[in-house]
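Since the structure comes first, as structure tokens, the remarks are kept for the end.
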Amino acid sequence: MTDTKTWMCLICGWIYDEAAGAPDHGIAAGTLWADVPMNWTCPECGARKEDFEMVQI
């Protein structure tokens, strides 16, 4: 498996970690950001997927 990445919501700062996914929000652990549906929104503030930026943690 390739190195997983983390993505941060630029609106509220919520972090999406590819390794952990967001199972409470319909995204299984190990789901790459590219595979997250385009209509998915931030569970904290409702921001769109394009409002996220990859970050190093």
Report, one line per pair, each donor and acceptor closer than 3.5 Å where one atom sits in a side chain of residues 42-51; sequence neighbours left out.
| from | atom 1 | to | atom 2 | distance (Å) |
| --- | --- | --- | --- | --- |
| Arg48 | NE | Glu50 | OE2 | 3.1 |
| Lys49 | NZ | Trp33 | O | 2.9 |
| Lys49 | NZ | Val36 | O | 2.6 |
| Asp51 | OD2 | Arg48 | N | 3.3 |

* Asked: With distance as the sole test, does Glu18 use its side chain to make a donor-acceptor pair with the main-chain N or O of Thr31 at under 3.5 Å?
  -> no
* Exercise: identify the closest heavy-atom pair between Val55 and Thr6 -> O-OG1, 2.6 Å
* Asked: Under a 4.5 Å side-chain heavy-atom rule over Ile, Leu, Val, Met, Phe, Trp and Tyr, are Met54 and Phe52 clustered together?
  -> yes
* Asked: CG of Asp17 to NZ of Lys5: how many Å apart, nearest 0.5 Å?
  -> 11.5 Å
* Asked: Is the closest side-chain heavy-atom distance between Ile27 and Pro37 below 4.5 Å?
  -> yes
* With sequence neighbours excluded, residues passing side chain to side chain donor-acceptor pair (under 3.5 Å) with Glu53 -> none
* To do: Apply ring-ring contact (aromatic ring centres under 6.0 Å, His included) to Trp14 and list each qualifying residue two or more places apart in sequence or on a separate chain.
  => Trp40
